[in-house]
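Fair warning: this is a prediction, and the values are worked out from it, not measured in the lab. Every chain is numbered from 1 and lettered A, B, ... according to where its sequence line falls, protein lines coming before strand lines.
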Protein chains: 2
Amino acid sequence: MTKNYRQGQILKLVRSKRINTQEELAQELRALGIEVTQVTLSRDLREMGIVKTADGYREILPDPTGPSLAQVMAEYLLDVRLAQHIVVLKTSTGSANSLAVALDQEDWPEIAGTVAGDDTVFVACWDNQRAKTVHERLLSYVNQ
Amino acid sequence: MTKNYRQGQILKLVRSKRINTQEELAQELRALGIEVTQVTLSRDLREMGIVKTADGYREILPDPTGPSLAQVMAEYLLDVRLAQHIVVLKTSTGSANSLAVALDQEDWPEIAGTVAGDDTVFVACWDNQRAKTVHERLLSYVNQ
DNA sequence: CGTCGGAATGTATAACTATTCAACCAATTG
DNA sequence: CAATTGGTTGAATAGTTATACATTCCGACG
């Protein structure tokens, strides 16, 4: 169980249900097989920019200045696959979101949109031709 | 000194300088001639939708909870794109999930399934033709 | 190997925030 | 004019979160 994975699960939980306290969050994580203390959650939440609101924990707008695409890619991108007009990115577990955000910010014209799971990002391109272009460009980021 | 006035001053303070605790805020207000306890501030802040972040107290966007598709769409849908048999919906950050849920509930026959990220929903249709139909129908929801 | 340095985590507890309960006050009603 | 109701507030304190300090793990380097 990595920190990334844990934080990914935290994000999912916070998005999908109302969590009012860190202890409550710890319970939910325990149900997913993640043992974690309130202390660690306090640190995770701060790190992730999730704050406590009257309606439970919520994400707030992140600092618009994220790390560069190259950095994120170098750190997390494991594989790039082409499936028709969809490019599938495999990342280290829990990092798909960071990577998708970085890619979104690049605003490539070939890309219609992205959506991130846990360790996978789907990149929808307008057509097969442009997907091929994107595929090649992203491949160059993968660890040589 | 009315409650409204006090909350106005709180807003100004929170916008203009970094306030880390409610006691700190009470100090600042005292400097403006407003005597107030931590208890009252706790209530004021909740009422005003101001939350504690790692960078001090901040306003956050008032939060919604989700009625009809039309309403959800009107509120969150920013863009609709067609990429072969995938329709890509761009939403305001954090709303992709609500939107996907609303769309799922509609149970359109052209739609094979949806998957939501943070600000993007992929809508997989059975083929390009049906995707085109869905694309057009969804487009009608955008920015009227 | 040893050992140094940094990241991740936990325990104990300090610091901070929210709630409970009661008081007060103004407006309203019988 | 009581009595009642709804809104605002504070003292005490319950509940929640953050911090100080210690420990463990792991990779780099001599």
Side-chain angles (χ1 to χ4, degrees), chain A residues 1-15 17-60 62-63 66-67 71-72 74-76 78 91-95 97-98 118-119 143, chain B residues 1-15 17-60 62-63:
Chain A
M1 201 276 296
T2 71
K3 179 175 161 185
N4 267 347
Y5 176 69
R6 186 183 61 235
Q7 295 194 346
Q9 297 307 306
I10 289 173
L11 202 52
K12 267 202 218 166
L13 280 170
V14 161
R15 282 178 178 165
K17 54 197 306 183
R18 174 171 177 155
I19 310 277
N20 283 306
T21 72
Q22 296 176 4
E23 290 295 354
E24 218 171 296
L25 182 52
Q27 299 282 29
E28 297 285 352
L29 288 168
R30 231 165 271 137
L32 299 177
I34 303 177
E35 285 296 326
V36 70
T37 63
Q38 174 263 319
V39 175
T40 296
L41 293 181
S42 170
R43 291 190 270 241
D44 280 342
L45 292 170
R46 171 212 283 262
E47 212 171 302
M48 300 168 71
I50 295 177
V51 304
K52 186 178 187 169
T53 75
D55 313 304
Y57 280 95
R58 292 290 167 83
E59 297 166 76
I60 59 167
D63 246 332
Q71 288 176 303
V72 177
E75 180 129 18
Y76 301 129
L78 301 182
T91 74
S92 39
T93 312
S95 305
N97 238 284
S98 326
D118 213 24
D119 60 0
N143 251 347
Chain B
M1 201 276 296
T2 72
K3 178 176 162 185
N4 269 350
Y5 176 68
R6 186 183 60 236
Q7 295 194 345
Q9 297 308 303
I10 289 173
L11 203 51
K12 267 202 223 167
L13 281 170
V14 161
R15 282 178 177 164
K17 53 196 307 183
R18 174 172 178 155
I19 311 276
N20 283 305
T21 73
Q22 296 177 2
E23 289 297 355
E24 217 171 297
L25 182 51
Q27 299 282 27
E28 297 285 353
L29 287 168
R30 230 164 273 138
L32 299 177
I34 303 176
E35 285 296 326
V36 70
T37 63
Q38 174 262 319
V39 177
T40 297
L41 293 181
S42 170
R43 291 191 272 241
D44 281 342
L45 292 171
R46 172 213 283 262
E47 215 172 299
M48 301 169 71
I50 295 177
V51 303
K52 186 177 186 169
T53 75
D55 313 304
Y57 281 95
R58 292 287 170 83
E59 299 166 74
I60 59 168
D63 123 274

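In terms of position along DNA chain D, the nucleotide closest to R6(B) lies nearer the 5' end than the nucleotide closest to the other residue of the pair Y57(A) and R6(B).
Between E28(B) and Q9(B), the closest side-chain pair of non-hydrogen atoms is not below 4.5 Å. Side-chain atoms of R43(B) and K3(B), non-hydrogen and from C-beta on, never get closer than 4.5 Å to each other. For the pair I50(B)/L11(B), a side-chain contact is recorded, criterion being any heavy-atom separation below 4.5 Å from C-beta on. Between R6(A) and T40(A) there is a side-chain heavy-atom pair separated by less than 4.5 Å.
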*Would you mind building the protein contact string for nucleotides 21-26 of chain D? One character per nucleotide, 5' to 3', B for base within reach (heavy atoms under 4.0 Å), S for sugar-phosphate only, - for untouched.*
------

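Rounded to an integer number of Å, the gap from CG of L45(A) to P of dT17(C) is 16 Å. Distance, E47(A) CD to dT17(D) P: 17 Å, rounded to whole Å. At whole-Å resolution of the value, CD1 in I10(B) and C1' in dT9(D) are 13 Å apart. Per the geometry, CG belonging to D44(B) stands 14 Å off P belonging to dT17(C), to the nearest Å. Atoms CZ (R46(A)) and P (dA15(C)) sit 16 Å apart, rounded to a whole Å.
Each of L13(B), L29(B), I19(B), L41(B) was checked for a side chain to side chain contact (heavy atoms under 4.5 Å, CB included) with E24(B), and the lone residue meeting it is I19(B).
In this model, a donor atom of one side chain and an acceptor atom of the other lie less than 3.5 Å apart for R30(A) and Q27(A).
Minimum interatomic distance between V36(A) and A26(A) (heavy atoms only, all atoms of both residues): O-CB, 3.9 Å. Heavy atoms only, all atoms of each residue included: S42(A) and Q22(A) are closest at CB-OE1, 3.5 Å. In this structure, N20(A) and R18(A) approach most closely via the heavy-atom pair OD1-NE, 3.2 Å. Summarising the geometry of L45(A) relative to Y57(A), their closest heavy-atom pair is CD1-CE2, 3.8 Å, with the distance given to 0.1 Å. In this structure, A54(A) and R46(B) approach most closely via the heavy-atom pair CB-CG, 3.9 Å.
For K3(A), no side-chain nitrogen or oxygen approaches OP1 or OP2 of dA7(C) to under 4.0 Å. Remark: S42(B) is not in phosphate contact with dT17(C), judged by side-chain N or O atoms under 4.0 Å from OP1 or OP2. A sub-4.0 Å separation between OP1 or OP2 of dT17(C) and a side-chain N or O of K52(B) is present.
Each end of the helix from dC1(C)-dG30(D) to dG30(C)-dC1(D) yields a helix axis from five base pairs, and these two axes differ in direction by 10° (to the nearest 10 degrees).
Against DNA chain C, the stretch residues 17-41 of chain B makes heavy-atom approaches under 4.0 Å through N20(B), T21(B), Q22(B), Q38(B), V39(B).
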